[in-house]
Amino acid sequence: MDIWLFYLFALVIVGASLGVIGQRSPMHSVLFLILSFGALAALYVQLDSPFAAVAQIIIYAGAIMVLFLFVVMLLNASHEDDDPGARAPVPVGVKVSGCLLALLLLVELTWALTRVGRPAVEKDAASADSVSSVHEIGRVLFTDYAFAFEVTSVLILVAMIGAVVLAKRKV
Amino acid sequence: MLTDFQAIMPILIVTLSAIVTMVAEAFQPKQERAPLAGFGVIGLIGAAAASVLLWGYDKTGFGVVRADNFSLFVNLIVIAVGLLTILFSPQVIERERIPPGEYYALTLFAVVGMMLMAAATDLLLLFLALEVLSLAVYVLTGIRRAQFQSAEAAFKYFLLGAFSSAFFLYGVALTYAIVGSTRLEEIAATLAVSDQAPDGLVLVAMGLLAVGFAFKISAVPFHMWAPDAYQGAPTLVTGFMATGVKAAAFAAFLRVFLSSFHTLHDSWAPMLWLVAVATMILGTVVGVVQANAKRMLAYSSVAHAGYLLVGLIVGTRVGEAATLFYLAAYAVSTLGAFAVVAVLATEEHPHDRVQDFAGLWESRPGLAALMTVFLLSLGGFPPLAGFVGKWYIFSAAIDAGYVWLAIVGVLTSVISVFFYLRIVVMMYMSDERALVPTPAITRSAVAGLTLALVAVFYLGLLPTHAIELALTSVQGMF
């Protein structure tokens, strides 16, 4: 049962991702991306990490995608074809070498993934529980990773200053 | 608790001065200009003092920030870089109408990121430090929003930088999957125990981390962003990027690869060997044909990344110390050269083409002489800082048996002299006169240039003290 669910969601992710790059209208691409993120959240649930799943839905499928939608609507980029640059014909040489590169990457990845041994993951239930529970994430965040947590606040401050500097109407 | 705060004291001081700068700008009365640069200078000098006081104590803060002599040495380099940048800035800010509060705050935050990168002993914290530093520098690159070139440079730098961060993060994730920890000492302990041939996954993780670092130090083939970003950014920011970011990234590169992955030296050394040779050759050869001084200095900084990589590949104590010394010598020379370009620019004319330097000897003899000293130091002429740095790094390579690396390094240095001398020849021997007006320079810029000049001569003539400091700073680190 589990494995079939995994395949189902994996298929949805791959299909939706293809949809993202295959659509002509940016709006449809964004909607496909939401679908892909949602299915990914389902995979997280299967991996016994509800926190990651909820964070995935709230942050990615929720906040970030809403932002995307807003940008797409505000820019009014209804169709990729409206952009004259997008219609320029792609030379055959570029197409062929692109496909070859993709093929090479595929072979390489398959080779690497089949050759590489699986990492030794501890299977005992206690450690799996301790990793996934919200309680435990909170404990680790404010003890072992307290300093990293504080540094994150500096990072966000820098990002805020940067956004203001770059987007402010009048300097 | 006290030790924790002592260890992060230099970082804390600079962070506070950055926040003070920002707040002071927001609350200053209209028509009155707060001495914003002063806060930065005070903070950086305070951080330098704290670093000197911590020297030799090897304190660890919060389990993840290590204030050993290595990170303190790097602190001093990046503080010097930040200080010089701030000293050169007032004139440029005035001319380009850059918002001063944000400019200084971002510069100081970038210094915070650099210091954290050198001190972090946890891959997660290292990533955060890298992002603090990168975000600040992306914004500084694009801070002249009205200019098309600046925006383009910032955008390119940002996209490729985000891409490389993803590589780095993937490397961290894989390392965590193998070891079960992101602490450098635990990674080293786990990898040292397994005595059989390294697992494929370890190599993949290491390679991904190396890609992330190679991007930040602009090593070939991850250098594509450098010329465009360096040309489009405000000249001073370019100098800051080329020296500070490189120093911090190299410090982290050294720490990660020589402490955590030291047992795998045989696996990563050949890979980096190729990268170093390609970086040295491409940086030099492409640099020869550049007509823009900033672009030329960008390729020169790519080539210098190659020389610095030699010290890392050698992997001996002397090699590490040589890398640190070279970072210091390279930082003052490069920053000085960029500063001369920056102070010569006017609002209408950027003064960054090589022809613009024609006859500078007659109009501005002092600046021409300074530029000559900085360029000759970069080219490796005795008795300047760059010469000692190169000599030290190549002799370390020969001692460790990397003769070919040293040969490639010396050959490319000789070629690189050609493009450094092109500007010098332009300044002194050209019959043409570049009829561009040159502005008056501020006192703080004069002070900064003097400091850089003194540093170049000090490191070149009396290098013993600095070399000993570098040697003690790598003792007992790995």
Side-chain angles (χ1 to χ4, degrees), chain A residues 40 44 47 49 52 60 64 71 85 101 105 107-124 126-128 130-132 136-137 139-171, chain B residues 4 7-8 11 15 18-19 22 61-65 97-99 101-103 105-106 108-110 112-113 116 120 122 124-140 142-146 151 154 158 174 176-183 199-205:
Chain A
L40 194 60
Y44 287 147
L47 288 170
S49 48
Y60 284 93
I64 293 183
V71 172
L101 207 63
L105 195 67
V107 172
E108 220 174 317
L109 265 180
T110 340
W111 183 83
L113 287 177
T114 46
R115 288 283 300 266
V116 159
R118 282 166 184 232
V121 180
E122 290 161 48
K123 280 280 161 72
D124 56 311
S127 80
S130 68
V131 174
S132 59
E136 192 57 26
I137 289 173
R139 196 192 64 77
V140 172
L141 189 60
F142 291 104
T143 54
D144 294 358
Y145 291 101
F147 189 73
F149 181 75
E150 298 295 337
V151 173
T152 314
S153 64
V154 176
L155 177 62
I156 294 173
L157 180 62
V158 172
M160 255 161 39
I161 302 174
V164 171
V165 170
L166 292 182
K168 197 163 54 172
R169 202 167 283 269
K170 197 171 126 258
V171 178
Chain B
D4 287 340
I8 63 163
I11 298 167
T15 314
I19 294 173
M22 206 175 61
F62 303 98
V64 284
V65 182
R97 283 191 284 283
I98 292 170
E102 288 87 345
Y103 174 86
L106 285 172
L108 291 169
F109 276 125
V112 170
L116 256 180
D122 184 299
L124 193 67
L125 185 65
L126 190 58
F127 174 72
L128 285 173
L130 183 73
E131 285 302 293
V132 170
L133 153 71
S134 306
L135 278 182
V137 176
Y138 299 148
V139 178
L140 283 174
I143 204 161
R144 295 179 301 174
R145 287 181 310 162
F158 173 69
L174 279 181
Y176 183 76
I178 300 156
V179 179
S181 168
T182 50
R183 299 272 152 98
D199 187 38
L201 210 53
V202 180
L203 296 182
V204 174

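From a predicted model like this one, the values you see are computed outputs, not experimental measurements. Here is the naming used below: chain letters follow the sequence lines, and residue numbers restart at 1 for every chain.
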Intermediate values then yes/no, side-chain contact (heavy atoms from CB on, under 4.5 Å), A:Val158 and B:Tyr138 = CA-CA 11 Å; A:Val158 172; B:Tyr138 299 148; over 6 Å; no

Which value, rounded to the nearest 0.5 Å, describes the distance between [X] atom [atom1] and [Y] atom [atom2]?
X	Y	atom1	atom2	answer
B:Glu102	A:Leu166	CD	CG	10.5 Å
B:Asp122	A:Asp144	CG	CG	9.5 Å
B:Leu128	A:Phe147	CG	CZ	10.0 Å
B:Ile8	A:Glu150	CD1	CD	9.0 Å
B:Phe109	A:Leu155	CZ	CG	10.5 Å

Under a 4.5 Å heavy-atom cutoff, which of B:Thr182, B:Val139, B:Asp4 has the most pairs with chain A?
->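 Max contact count across the listed options: B:Val139.
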
Within 6.0 Å of CZ in B:Phe158, more than 12 heavy atoms from elsewhere =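 For B:Phe158, atom CZ is not crowded (no more than 12 foreign heavy atoms under 6.0 Å).
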
Can you say whether [X] sits under 4.5 Å from chain A via the side chain, the backbone, both, or neither, judging by heavy atoms?
X	value
B:Leu174	neither
B:Ile19	side chain
B:Arg183	side chain
B:Leu106	side chain

Proximity breakdown for A:Leu157 and chain B, heavy-atom pairs closer than 4.5 Å = side chain

Per the side-chain contact (heavy atoms from CB on, under 4.5 Å) rule, which among B:Ile98, B:Leu140, B:Ile143 passes with A:Val165?
->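 Of the listed options, the one satisfying the test is B:Ile143.
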
